[in-house]
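Here the structure is a predicted model, which is why all the values come from computation and not from measurement. Only this structure's heavy atoms are used, side chains among them; waters, hydrogens and symmetry mates stay out.
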Amino acid sequence: MSVLAIDAGTTGVTAVVVDDDGTIAATGYQEFGQHFPQPGWVEHAPEEIWQATLEATRDVLKKCDRSSLQAVGITNQRETILLWDRETMGSPRRAIVWQDRRTADICKRLRDEGHEDRVTELTGLRLDPYFSGTKLAWLAEHEPHTWALVESGRYAVGTVDSYLIARMTRGTYHVTDVSNACRTLLLDLSEGDWSDELCSLFGVPRDALPELVPNWGEVATTDPRSFLDLSLPIAGIAGDQQSALFGQTCFDEGDSKCTYGTGSFILTNTGTTLERSDAGLLSTAAWRSPDGELTYALEGAIFVTGAAVQWLRDGLQIVGSAAETAAIAATVPDSQGVVFVPALTGLGAPHWDPHARGLLIGMTRGTTRAHVVRATLEAIAFEVRDVLETMPARTSLRVDGGAAANDLLCQVQADQIGVPVERPAIIETTALGAAFLAGLGTGVWSSTDELRDTWRLDHRFEPTSDRTRADAAHTRWLKAVDRSKGWAD
């Protein structure tokens with residue numbers, strides 16, 4: 001038995017087949033276009049996302065036995081918002097992507113009108129162009145003819161998961177899950193349902209929004225005429241970061257994961273308790289079970305982690321590849337007092353300073369590239385520590401991602417945070433989470449305990465160094481961060 005997982009990311013779609021022993025049997029990938037009509041605007045053509053989904057799935061089907069497939073799971077870039085015709089499946093305009101900043105003025109207006117505290121109370125989020133609600137308000141203001149067809153019921157509104165399910169089912173289903181819905185600014189997080197108050201604030205007709213369904217269980221069936229002759233239950237849905245949390249089997253309160261890409265997203269499972277943060281972390285829904293139990297998480301977004309390693313390669317050109325950074329940094333026992341603050345695009349959680357700038361300080365005539373490379377890896381560990389220290393107690397940190405997530409970084413992180421750092425044998429944990437959800441929803445795996453047994457580790461890194469030394473290094477880092485935040489002054 002196996003499960004097909006579709007991971008619809010920001011630049012492309014990955015299709016993965018996962019066997020019942022957790023082995024990734026086959027993968028396929030297809031990029032799609034990025035559209036930048038104005039500075040700060042980012043758009044995707046919905047049809048291009050759909051065609052990329054078909055191509056990636058065709059590719060993976062060539063490499064596996066389709067008769068063994070039991071279900072489909074979907075995970076996706078969050079916050080990106082799409083419109084489509086309920087009958088023709090055509091889209092009247094391109095999707096507005098999570099990276100898009102065009103709604104900054106709307107956010108400011110709502111903030112000036114005094115709405116932010118109430119929005120945060122209901123949603124756990126900030127008033128920021130990142131989230132979907134202000135994108136819909138912008139469409140209503142700037143494209144009234146299109147919006148009129150949303151209000152009349154002809155056009156559906158949804159995130160990428162909703163759109164793909166509509167296309168896979170020939171328009172029969174309009175659904176989403178709480179992990180995507182909670183990123184729209186339209187969901188009452190404590191109730192786990194769409195909020196009439198928020199829909200009114202952002203001017204979004206509730207009838208245009210998808211039905212909320214559990215994260216696992218059979219919620220729809222693909223139409224073979226639309227989806228490559230496949231008739232399979234769609235049995236797992238989750239936004240990408242929550243899917244990675246599930247794929248890392250962070251099922252218990254206190255379990256945390258950090259996914260490394262350009263930046264990093266750190267999520268801590270807070271169980272059935274909706275934790276609030278006064279340190280700039282987002283309260284979010286992790287998943288909802290078929291019996292209605294809602295699991296929450298706290299989320300911290302760090303803007304530059306893996307991108308700092310890329311900067312060493314492409315900007316400073318002091319390493320030939322990201323993969324060699326660990327070996328270079330390991331040639332010295334520490335950074336010899338060199339501190340790097342990777343605020344190359346400002347600082348994210350928990351500092352939230354868009355005006356901060358990167359600093360590389362503490363250099364002497366004895367400083368070598370190894371010290372700079374080690375300072376960079378240590379800075380990534382410090383960033384993660386800063387986020388985790390604002391979160392509830394955690395039992396471990398599970399790390400996945402690219403070359404930045406190397407052995408040396410994992411060990412430094414274990415020393416910094418004082419708990420084990422675990423790294424899985426599988427790095428595609430976002431897609432793995434979607435597969436786990438769908439398999440759990442169709443009986444491929446019987447329980448989360450079985451999924452935990454399926455999950456495989458490369459290494460478990462235990463804290464080894466003197467905590468006093470780790471704290472001293474972190475203190476130097478915090479002083480450097482203060483200097484970075486004061487750069488604009």
Apply the test side-chain contact (heavy atoms from CB on, under 4.5 Å) to residues Leu209 and Val204: give CA-CA distance (whole Å), side-chain angles for both, the deciding distance (0.1 Å), then the verdict. CA-CA 8 Å; Leu209 298 173; Val204 178; 4.0 Å; yes
Would Asn215 and Asp177 count as a side-chain hydrogen bond (donor to acceptor under 3.5 Å, both in side chains) here? Give the steps. CA-CA 6 Å; Asn215 285 85; Asp177 78 294; 2.6 Å; yes
Q. Would Asp105 and Arg109 count as a salt bridge (charged side-chain N to carboxylate O under 4.0 Å, His left out) if you check the C-alpha gap in whole Å, the side-chain angles of each, and the deciding distance to 0.1 Å?
A. CA-CA 6 Å; Asp105 288 344; Arg109 185 179 71 213; over 6 Å; no
Asp188 and Ser190: side-chain hydrogen bond (donor to acceptor under 3.5 Å, both in side chains), yes or no, with the steps? CA-CA 6 Å; Asp188 185 324; Ser190 62; 2.9 Å; yes
Quick one, Thr249 with Arg398, criterion side-chain hydrogen bond (donor to acceptor under 3.5 Å, both in side chains). Give me CA distance, side-chain angles, the key distance, then yes/no. CA-CA 9 Å; Thr249 67; Arg398 295 177 179 174; 2.7 Å; yes
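In the model, Thr10 has a side-chain atom that pairs as donor or acceptor with a side-chain atom of Trp98 under 3.5 Å. Side-chain contact annotation: Asp482 with Ser484, donor-acceptor N/O pair under 3.5 Å absent. Thr80 and Gln77 form a side-chain donor-acceptor contact under 3.5 Å, judged by distance and modelled atom types alone. A side-chain donor from one of Thr268 and Ser256 sits under 3.5 Å from a side-chain acceptor of the other. There is no side-chain donor-acceptor pair under 3.5 Å between Asp252 and Asn269. Under 3.5 Å, the side chains of Thr222 and Arg170 contain no donor-acceptor pair of N or O atoms. Inspection of the Glu55 and Gln51 side chains reveals no N or O donor paired with an N or O acceptor under 3.5 Å.
Here Arg94 pairs with Glu43 under the side chain to side chain donor-acceptor pair (under 3.5 Å) rule; sequence neighbours left out. Residues that satisfy the side chain to side chain donor-acceptor pair (under 3.5 Å) test with Thr270, not counting sequence neighbours, are absent from this structure. Thr53 pairs by the side chain to side chain donor-acceptor pair (under 3.5 Å) definition with nothing, not counting sequence neighbours. When the side-chain contact (heavy atoms from CB on, under 4.5 Å) test is applied to Ser321, the partners found at least two apart in sequence or on another chain are Ala323, Glu324. With sequence neighbours excluded, the residues satisfying side-chain contact (heavy atoms from CB on, under 4.5 Å) with Phe303 are Thr345, Trp352. Residues passing the side-chain contact (heavy atoms from CB on, under 4.5 Å) test with Glu293, sequence neighbours excluded: Thr272, Ser289, Asp291. By the salt bridge (charged side-chain N to carboxylate O under 4.0 Å, His left out) test, Asp386 is found to be paired with no residue, residues two or more places apart in sequence or in another chain being considered. Residues satisfying the side chain to side chain donor-acceptor pair (under 3.5 Å) criterion with Tyr296, sequence neighbours excluded, are absent altogether. Remark: Ala244 pairs with Lys257, Thr259, Thr429, Thr430 by the side-chain contact (heavy atoms from CB on, under 4.5 Å) rule, at least two apart or across chains.
Closest of all the heavy-atom pairs between Trp194 and Leu187 is N-CD1, 3.8 Å. Of all non-hydrogen atoms in Cys182 and Leu125, the two that sit nearest each other are O-CD1, 3.2 Å. Contact record, Leu245 with Ala297: CD2-CB, 4.4 Å, taken as the closest heavy-atom pair. The two atoms that bring Ala8 and Leu164 nearest to each other are CB-CD1, 3.8 Å, heavy atoms only. When all heavy atoms are compared, the tightest approach of Thr305 to Tyr260 is OG1-CD2, 3.6 Å. Leu388 and Ile266 get closest at one heavy-atom pair: CD2-CG2, 3.8 Å.
Using the six-membered ring where Trp is involved, His174 and Trp84 have ring planes that are perpendicular, over 60° apart on the 30 and 60° scheme.
Contacts classified as salt bridge (charged side-chain N to carboxylate O under 4.0 Å, His left out) and involving residues 259-276 (residues at least two apart or in different chains) are not found. The salt bridge (charged side-chain N to carboxylate O under 4.0 Å, His left out) contacts involving residues 153-166 comprise Asp85-Arg154, where partners must be two or more places apart or lie in separate chains.
Other residues, nucleotides and ligands place more than 12 heavy atoms under 6.0 Å from the CD atom of Glu113. Heavy-atom neighbours of His145 NE2 from other residues, nucleotides or ligands within 6.0 Å: at or below the threshold of 12.
Aromatic pair Trp41/Phe36: ring centres not closer than 6.0 Å.
If you take CD on Gln416 and CG on Leu409, they are separated by 10.5 Å, rounding to the nearest 0.5 Å. With values rounded to the nearest 0.5 angstrom, Ile81 atom CD1 is found 6.0 Å from Thr159 atom OG1. To the nearest 0.5 Å, the span separating CZ on Arg86 from OH on Tyr155 amounts to 12.0 Å.
Between Arg385 and Asp471 there is a salt bridge, since a side-chain N of the basic residue sits under 4.0 Å from a carboxylate O of the acidic one. In summary, Asp128 and Arg111 do not engage in a salt bridge, as defined by a charged side-chain N under 4.0 Å from a carboxylate O. Ionic pairing of Glu299 and Arg183 is present here: one or more N-O contacts between side-chain nitrogen and carboxylate oxygen are shorter than 4.0 angstrom.
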Quiz: residues 307-316 side-chain donor-acceptor pairs under 3.5 angstrom, not counting sequence neighbours:
none

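Although no hydrogens or angles enter the test, the distance criterion places no donor-acceptor pair under 3.5 Å between the side chain of Thr27 and the main chain of Val16. A donor-acceptor distance shorter than 3.5 angstrom exists from the side chain of Ser152 to the backbone of Leu149, with no hydrogens or angles considered. The backbone N or O of Ile106 sits nowhere less than 3.5 Å from a side-chain atom of Thr134 that would complete a donor-acceptor pair.
Here the options are Arg93, Lys135, Arg102, the test is salt bridge (charged side-chain N to carboxylate O under 4.0 Å, His left out), and the partner is Glu143; only Arg93 passes.
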